[in-house]
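Each chain gets a letter, A, B and so on, in the order its sequence line appears, and its residues count up from 1. In what follows, every heavy atom counts, from backbone to side chain, and hydrogens, waters and symmetry copies are set aside.
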Amino acid sequence: MKGFTVALLAWTLISPCKGSSGSGSREAWPTHIACRDGGLEMLYQSCDPLQDFGFSVDQCSKHLKPNINIRFGIILREDIKELYLDLALFSKGSSVLNFSYPVCEESLPKFSFCGRRKGEQIYYAGPVNSPGFDIPEGKYQVLLELYTENRSTVACANATVICS
Amino acid sequence: MMSPTRLAGTLVPAMAFLSCLKPETWEPCVEVVPDITYQCMELNLYKIPDNIPSSTKNLDLSFNPLRHLGSHSFSSFPELQVLDLSRCEIQTIEDAAYQSLNHLSTLILTGNPIQSLALRAFSGLSSLQKLVAVETNLASLENFPIGHLKTLKEINVAHNHIHSLKLPEYFSNLTNLEHLDLSNNKIQNIYHKDLQVLHPISLINLSLDLSLNPIDFIQSGAFKDIRLHKLTLRSNFNSMNEMKTCIQGLAGLKVHQFVLGEFRNERNMEDFDISVLNGLCNLTIKEFRFACLYHDFSDATDLFNCLANVSTISLIHLNLDRLEGLPNNVRWQSLELVTCKLEQFPTLEIPSLKRFIFTAHKSGYTFAEFKLPSLEFLDLSRNGLNFKGCCSHTDFGTTKLEHLDLSFNAVITMSSNFLGLEQLKYLDFQHSHLKQTSDFPVFLSLKNLLYLDISYTNILVAFRGIFNGLSSLQTLKMAGNSFQGNLLPEIFTNLSHLTFLDLSECQLEHVSQEAFNSLLRLQLLNMSNNHLVSLDLCPYQHLKSLQVLDYSFNRIVTSKKQELLHLPSSLTFLNLTQNAFACTCEHQSFLQWVKDQRQHLVQVEQMVCATPLDMQEMSVLSFRNATCQMSKTIISVSVLSVLVVSFVVVLVYKFYFHLMLLAGCKKYGRGESTYDAFVIYSSQDEDWVRNELVKNLEEGVPPFKLCLHYRDFIPGVAIAANIIQEGFHKSRKVIVVVSQHFIQSRWCIFEYEIAQTWQFLSSHAGIIFIVLQKVEKSLLRQQVELYRLLSRNTYLEWEDSVLGRHIFWRRLRKALLDGKPWSPEGTADAECN
C-alpha cells in the first residue's frame, strides 16, 4: 500500500498535464505506424511542436513501386499556396539522399489540396511518384518536412524505415 | 482516527486532480508589431482577450476555443483590418457580432462548424473586401447574410456543403466582386436560372472557381452571354460524356481565362476523347489552360480544333506524344507546355507566337531549330536538353527575342555569339553545362542584355574577353564556376553598368587588384563560399556605389592593416561570417578593426574564431586586447629576468674568485692569520725572494712568517684555491714584488687583482709594494690600476746600496709589524706546508 502511494505521488508530481498548452515543455508526439507489411516497417513521429498528423502507406513492400498510394491527413496551420517537401535519408548516421520537391506552385497547382487555407483540414489519398527500386535491407532514418513559401513548417516527421 | 495510508490515499488523487485542473489560463499574445499586429494563435483562449490595445489592426485568434461570438464581440478593436478566426470551434455567430468594425477588410472564418449564423451577423462591416468561410458547414449561398457587403471583392466558400450554384439576388449588390471560390462543394447541376443575376450586371472581373464539384449537368444556355474573367473547372466530371455535355452547356460564355482539367491526386475519368473539347468552339476564350489529364492524346491536332483563336494556351501535365501538324490558322500568342511527355523536341511554326514556354520535360531532348518569327519570350528550362551550336537567330527563327531561359538543361555548346539576337535583355543558362565559352567572346552581340545568369555552368574562365560586348549588363550571376589558377582576372572591364555580381562558389583564392576597377555602379557583390584566405579590400576601393559585400564562407584568417584602409565609403553591409579567424594577439589590429566596423558587419555576433583552440567557436568580439598587453608584460619581464640572470651568471663567472674570497673572509674572520704576509711575485724573481726576502724577514727579529707558494701551497688543490685560501685568507698583509716579470705574468696579475679585492674587503691597507727593479713606464701603463696605485701609494724600492737596503728592511718590517699581535708563540706554532 505504501509503495503504491509513493508511486502515485511520484506520478502526480512528474506527469505533465494534458491540455495545458503554450510554451512549456511538451511531450513528444507518439510514434505511429505508417505501414508494416512485406518485410518493410515504417514508423514515424511528428517533429512539429505544434501538431501531430496522420500518415499511412497502402501496400508497402520492399520492392518499391513507381507509384505508391499514401494517405495523409492534417489540419493546416498555414495557407499553402506554395508547398515544398524536403526529404533527407540517413543510413547508419550518414546522409544517403537529400531531396527537395515543389509540391504546390501557385501558377500550376498539381494537387487538389494546393491553395488550401489555414484552419482547413486536408486529407490526401492518392499516388505519389517514387523512383521504384528494391530497398536494401537495413534501418533507415528519414526526415520529412513540408513547408510554405515563408519557410513556415506545415508538417514535419522523423520516420524510421526498417527493411528485413 | 484516519490511518496515514488512507489519508495519503485520499490526498494524492485530489492533488493529481488539482494539479491538472485547467485554470482560466491567460497566455499573452505575441506582439508582432506593437499596437498593430497581435498573434494569439492556439493559446487556449475561451474569450476574446481584453488586454490587447484598441489600436490593433491585425488580430489572429485562430485555434482558440471561442465557440460563440456574441454581439459586439470586437467593439474594443475599432481599428481592426484583418481578423483571423480560423478553427475557433465557433458554432454560433449572433447579430452584430462584428458591429463597429468599419475598417475590417479581411475576415477569416475557416474551419468553424457554424450551425447558427444570425441574419445580421455581418452587419457593420462596411469595408469588408475578403471573406473566407472555407469549411464552415455552409449549405447554401441563399442563407449567407452577406448581401449588404457591397465592398466585397473576394468570397471564399470552398469546402462546404453548397448544392447549388444559384447566385442569390444580393449578388447584384456586390458590384466589386472579383473572386468567388465555390470549389470542393456539392454542386451537381447548373441551371439557367442560377446565373440569372449575372446577366444585367457586368462582373467582367469575376473569377469563378468550381473545381472539385461533382458536376454532371449544365443546362444549355446557362452561361450564355455571361462574361467572366476566369472560370476554373478541375476535377468536376465523372465521365467523358458528362464532361462533353457540360462543356456544351457552357456555350455562349465569354471568358478571359478558362482552366479545365484534373488534379493528380483526385480520381481521373476512365477514358477521354478529344471530341469532348468540341464544345469549346461555342465559347469565347482568351486564355486556355488544360491541366493534369493523364490519358494519351495520340493525335494532338484535334485538341486545338476549337482553340485556334485563343491567344494564350497552357498545357500542363498532359500525355501529348507529338505536337506536329498544328492547324495553319492558329493565332496563339503564347504557348506553354509543362511536363507534356512529348516524344521529341517540338519544331513549331506559328507566325503569331510571342511567348513559348517548354519546361520540365524529363527526357533528354536534342534541340531542333524552329521558326517563330514573332517570338520575344522563350523558356526552355528544366528539360535536360542538348543544344549543339547555341545560339543565333536561325535557331529560333526570330530576331525579336528578348527573354531566353535555357537553365537546367544538359550540354549547351556555344558556337555562335548570338548573331541576330541583339534584342535580348534576359539570358539564363544556370545549371546547364556550357561548352566552348573560352574560345571567343560569346556574348559580343548582346549590347542590350540586362540580365545574365551563368551560375553552375561548368565554365573554367580562361579567356579574358568572355564578357566583351555586354555594355548594358546590370546583373551578372556566375556562381559555381571556376577560374584559371583560381585567380579572378580583369574580365569585367566593359561592364560599367553592372549593379549586381555574384561570384560565390568559384574556388577563388586570389583577386586581381584591378579586377573590379571599372564597376563604378556595382551595388552588390557576392564573394561567399570561395577559398579566400585574406580580406583584402584594395580591389574594392574604386567601387563608389558598393553597398553589400558578402565574404562569408571563405577561409579568411586575418587581414593586414593597410588592406583594410580601402573600405568603400558607401558600404552598408559586409558579411564576414563563417570564416577561419585567428583570434591571437598577432592579429590584434584586424580584430580591433572588426570591433570598430561592427555597425557595417552582418551578424557580427556569429563571427567566430577558428584558432587558437581555447577561443574556438567563440565570438570574435569576445577577443580582449587586454590579454595581449598582459602577455607583452609577461614577455618583457621574462626577457629582463633572463638578462639579469645571465648578467649575474657572467658576473659570478668573472668574479668567481673574488666571491670565493668574500666567502672565505666570512668563514675565517679576522685575527686568525697564520702568516704575516703573502708574497706575490713572479717565479723569475724567486731568487731574490728566497735569498733576500725570506732570509731577512723570517730569520730576522722579530721573525715574520711569510706565505710562499713554492713552500706553503697545499699540493692537489687548484692554484687559484691555494692563492685564495692559503695566501689571502691566512695572511695579514700581502707583499707585492713588482718587477718586469711581475707585469708579464698572468698569475701575478691575477693574484694582484685578488689582492685588491682582498684589501677592499678587509678595509685596511694591507698591500705592501716592493719595486724590485725599475719597470718601464709603458709596460706599467698596461696595468692601469697598478700604475695608479704605484703613483699614489708609498712603495718600497730595492736599493743596491747598503744604506738603502738597511732603510728598505726597516721600512718593510715596520709595515709588517702594523697590526701584528705581539706573541712570539704565534709564529712558532705556525706551520705553512
Item to check | Residues B:Asp181, A:Arg117: salt bridge by 4.0 Å N-O rule | outcome: no
Next on the checklist: Please tell me whether A:Lys118 and B:Thr110 have a donor and an acceptor in their side chains that are separated by less than 3.5 angstrom.
Outcome noted: no
Item to check | For the student: nearest non-hydrogen atoms of A:Phe111 and B:Phe263, plus distance | outcome: C-CD2, 3.4 Å
Checklist outcome for this item: Between B:Ser86 and A:Gly119 the two heavy atoms that sit nearest each other are CB-CA, 4.2 Å
Checklist entry - Top residue by heavy-atom pair count (under 4.5 Å) with chain A, among B:Ile108, B:Val259, B:Asn112, B:Asp84? => result B:Asp84
With rounding to the nearest 0.5 Å, note down the distance linking [atom1] in [X] to [atom2] in [Y].
X        : Y        : atom1 : atom2 : value
B:Arg264 : A:Phe113 : CZ    : CZ    : 10.0 Å
A:Ser112 : B:Glu262 : OG    : CD    : 10.5 Å
A:Ile122 : B:Asn184 : CD1   : CG    : 11.5 Å
B:His317 : A:Lys110 : NE2   : NZ    : 4.5 Å

Checklist entry - Given a strict heavy-atom distance threshold of 4.5 Å, which part of A:Leu76 is in contact with chain B: side chain, backbone, both, or neither? => result backbone
Checklist entry - Under a 4.5 Å heavy-atom cut-off, does chain B meet the side chain of A:Arg77, its backbone, both or neither? => result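 Its backbone and side chain both get close to chain B.
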Heavy atoms, side chains only, cut-off 4.5 Å: are [X] and [Y] in contact?
X        : Y        : result
A:Leu50  : B:Phe63  : no
B:Arg234 : A:Pro109 : yes
B:Val134 : A:Arg116 : no

Next on the checklist: Is B:Asp209 in contact with chain A via its backbone, its side chain, both, or neither, using a 4.5 Å heavy-atom distance?
Outcome noted: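 Neither part, no heavy atoms under 4.5 Å.
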Item to check | Heavy-atom contact with chain A under 4.5 Å, split by part of B:Ser235 | outcome: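 Nothing of B:Ser235, per the 4.5 Å heavy-atom cut-off to chain A.
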Checklist entry - With no hydrogens and no angle check, is any side-chain donor or acceptor of A:Gln121 less than 3.5 Å from a backbone partner on B:Gly111? => result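 Answer holds: no.
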